[in-house]
Amino acid sequence: MKQTPTIRAELDRYLKQEGLSLIQFGHIAGMNRGIVSSIVTGNKSMSVNQLDRITEAMGLPEGHFYDLFIENYIIDVPPNMRRIEPFLYRCAELDKLDTIRRVLGAIMDNLLYSPKLFDIAEALFTQGQHAAALLLYEGVAEAEKYQHSERLAICQYCIFTIQIGNDQSRNLSAATLFEPFVERLDEIDQLDALKDLANVYRSLRKWDKVDEMARKMRGKAEIQYSMKHQQKNRKIREHEKETRGPLFGYIAYADLLLAGVSEAQGDYQQALQYTYAYADLDWVIETDEDTRHWIGLFQQWAEGNTYVYKLLSGDISVLNDYVVYIAATANEADKEMVTKLLNVMMAANRYNIDVDNILRRFKTEIDFFAQMNPSADMYTYQVVPEQKTRFKYELAKYYLNRGNYSYGFKYLLDVLSKSLSNNKESFFIRCIRLFERFKQFADVRSFEKYEILVSEGQRERLFYY
């Protein structure tokens, strides 16, 4: 049987090769002679910190012996979390994901390790080490898949959060897999989970799911808000977990989402009714500064969306008022700017309105959000990029319809490229249809780029002829 090599054998061989005594090597590694001796003789186990010092002293790259460390001190001996925990943190720091997978494969058959591994995953997630945290969450979730525990639900929530990105098909899969676990979360966490799911489904334009998530969130938030303000529950609830945002905001945001669903269905009168609902927040009991801030935001959004639903329903007379509103609320922190200008372009294309002056007026804002990177929250990470894509598509359609072909094809090909990289099948097909309508006006370079993108789309099976 083949004998597993050991770190101490490698170290002993190195000392003999270099002609170094234990004292000399200990001085190089910053370790005393006794520790080096006990490691070489096998009388003492080794910490990852000691291993890193030995590796550096031997002139080898960081993590060189990590696979042997797993063989010698995790697989060949009873696992010890006091040794494994710092090793996992160090692997995460060095982005050694395959090494973390090996550790999990060696120990995850024992459920006793799940609580500690879950704590490590939570710490790594907080530190922004999401790739490493994902492996641990997945390991714990797999080990506890038959436990029906809240910890399992939290793992699935974090897996969902980490996996959400630019690939729309992957986002749909992540949302679909996570959704059944929402009810197992703490009541407060359920509100944030439903909000995150609603925003992902909103970016995917899955309006039936947005409607479902919004109604569930609204119902649960109303119960929590009522309980919060019952006199007998106030002291009991003082130390309970808090939502990411103010509790009343989940009720108002549900109405905002439902207004969006009605808009997508072309029911602008119903959209207005939901908008009036989240504009009227006189029922909110809190009076603190944060509450007043959020109430002000909802009322500002309601004012703008009231213009939007009237405009999209054909009331062109409100366009100037809407533009004044956009200008008054414009600033670099306004992540809704792209949506506001998208509304203008949709109305312009629907009702053949000349908005050249408006586009010139907001050129700085358009250039800014075109370069803006999404932030960490699910709304700006999912909804805003999707709105940017829709805005560019409407912009392409506007310019093409008005004979400005250089700008039109520029924006259209940009959307086509983004749709390919983000796996947005519906947008990809819409872009193809629009290009085909105007292809006789495309220059050679635009046509060549178009054909390359279409070929890539066929390879990725985004569409078929």
Side-chain angles (χ1 to χ4, degrees), residues 168 171-172 175 179 191 194-222 245 248-284 294-295 297-319 321-322 325-326 329 335-351 353 378-380 382-391 393-394 424 426-427 430:
Q168 294 289 55
N171 292 345
L172 178 59
E179 192 180 323
L191 295 177
L194 288 167
K195 184 179 180 182
D196 288 343
L197 277 168
N199 282 327
V200 172
Y201 284 132
R202 183 180 174 187
S203 75
L204 294 166
R205 304 187 69 73
K206 300 287 184 182
W207 297 112
D208 57 332
K209 300 302 294 184
V210 177
D211 184 272
E212 181 185 349
M213 298 303 108
R215 292 184 189 280
K216 284 183 179 180
M217 181 173 70
R218 196 184 206 289
K220 292 175 183 292
E222 286 175 336
F248 78 87
Y250 294 82
I251 302 171
Y253 192 66
D255 285 328
L256 188 151
L257 288 169
L258 291 169
V261 173
S262 297
E263 177 196 348
Q265 295 169 343
D267 190 346
Y268 300 113
Q269 289 307 309
Q270 184 59 65
L272 281 170
Q273 294 308 309
Y274 283 122
T275 302
Y276 296 148
Y278 69 78
D280 182 8
L281 298 175
D282 290 344
W283 52 268
V284 175
W294 278 102
I295 288 176
L297 283 180
F298 278 109
Q299 289 175 341
Q300 183 185 110
W301 296 333
E303 179 187 355
N305 285 332
T306 298
Y307 290 132
V308 170
Y309 300 138
K310 290 181 178 180
L311 180 62
L312 293 178
S313 65
D315 185 358
I316 300 173
S317 66
V318 302
L319 179 58
D321 290 336
Y322 186 45
Y325 163 82
I326 295 174
T329 56
K335 58 190 178 186
E336 297 293 334
M337 176 58 73
V338 60
T339 304
K340 294 170 185 174
L341 293 174
L342 167 62
N343 294 326
V344 171
M345 297 314 303
M346 289 173 62
N349 287 328
R350 184 175 299 178
Y351 301 110
I353 308 169
M378 201 65 73
Y379 177 83
T380 51
Q382 281 299 297
V383 177
V384 173
E386 191 264 347
Q387 298 292 64
K388 282 167 61 176
T389 301
R390 292 182 66 204
F391 171 75
Y393 176 82
E394 294 291 336
K424 293 184 177 180
S426 61
F427 256 114
R430 287 170 68 187

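Side-chain atoms are counted along with the backbone in the values below, which use heavy atoms only and exclude waters and symmetry mates. All residue numbers in this chain count up from 1 along the given sequence.
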**Study point:** Within 45° cone and under 6.0 Å: Arg430 NZ/CZ vs Phe427 ring
**Key:** yes
Point to revise | Heavy-atom pair of closest approach, residues Tyr274 and Ser262 | key: CE1-OG, 3.6 Å
Review point. Is any side-chain heavy atom of Thr329 closer than 4.5 Å to a side-chain heavy atom of Lys340?
Key: yes
Exercise for review: Can you measure from OG1 (Thr389) to CD (Gln168) and round to the nearest 0.5 angstrom?
Suggested key: 8.0 Å
Check your understanding: Is it true that a side-chain atom of Tyr351 and a backbone atom of Ile316 form a donor plus acceptor pair closer than 3.5 Å?
Key -> no
Practice item. Kindly give the heavy-atom pair with the smallest separation between Ala347 and Ile353, and that separation in Å. Key: O-CD1, 3.7 Å
Check your understanding: Quick check: does any side chain N or O of Asn343 sit under 3.5 Å from a backbone N or O of Thr339, one acting as donor and the other as acceptor?
Key -> yes
Review point. When rounded to the nearest 0.5 angstrom, what distance separates CG in Leu311 from OG1 in Thr306?
Key: 12.0 Å
Review point. Does Tyr250 have Arg218 sitting over its ring (NZ/CZ under 6.0 Å from centre, angle to axis within 45°)?
Key: no
Exercise for review: Evaluate the ring planes of Phe298 and Trp301, with Trp represented by its six-membered ring, and classify them as parallel (under 30°), tilted (30 to 60°) or perpendicular (over 60°).
Suggested key: perpendicular
Review point. Hey, what's the ring geometry for Tyr322 with Tyr307, parallel, tilted or perpendicular (30° and 60° as the breaks)?
Key: tilted
Check your understanding: Can you name the nearest heavy-atom pair linking Leu281 to Ala252, along with the distance?
Key -> CD2-CB, 4.1 Å
Check your understanding: Do Phe248 and Trp294 come within less than 4.5 Å of each other through their side chains, counting heavy atoms only?
Key -> yes
Review point. Looking at CG of Asp280 and OG1 of Thr275, how far apart are the two atoms once the value is rounded to the nearest 0.5 Å?
Key: 12.5 Å
Review point. Tell me, do Glu303 and Tyr325 make a side-chain contact under 4.5 Å, heavy atoms counted?
Key: yes
**Study point:** Shortest non-hydrogen separation from Leu257 to Ala198 and the atoms involved
**Key:** CD1-CB, 3.6 Å
**Study point:** Which atom of Met213 lies closest to which atom of Leu194, heavy atoms considered
**Key:** SD-CD2, 3.7 Å
Review point. Do Ser317 and Asp315 have side-chain N/O donor and acceptor atoms under 3.5 Å apart?
Key: yes
Point to revise | Nearest heavy atoms of Tyr278 and Asn305, plus distance in Å | key: OH-ND2, 2.8 Å
**Study point:** Lys195 to Tyr253, cation-pi by 6.0 Å centre distance and 45° axis angle
**Key:** yes
Check your understanding: Can you check whether Leu172 reaches Lys206 side chain to side chain, under 4.5 Å on heavy atoms?
Key -> yes
Review point. So, does Arg202 use its side chain to make a donor-acceptor pair with the main chain of Val210 at under 3.5 Å?
Key: no
**Study point:** Gap separating the CG atom of Leu197 from the NZ atom of Lys216, nearest 0.5 angstrom
**Key:** 9.0 Å
Check your understanding: By salt bridge (charged side-chain N to carboxylate O under 4.0 Å, His left out), which residues pair with Lys209, not counting sequence neighbours?
Key -> Glu179, Glu212
Check your understanding: Under 4.5 Å between any side-chain heavy atoms of Glu394 and Val344, yes or no?
Key -> no
Practice item. For the pair Glu386 and Arg205, find out whether any cationic side-chain nitrogen is under 4.0 Å from an anionic carboxylate oxygen. Key: yes
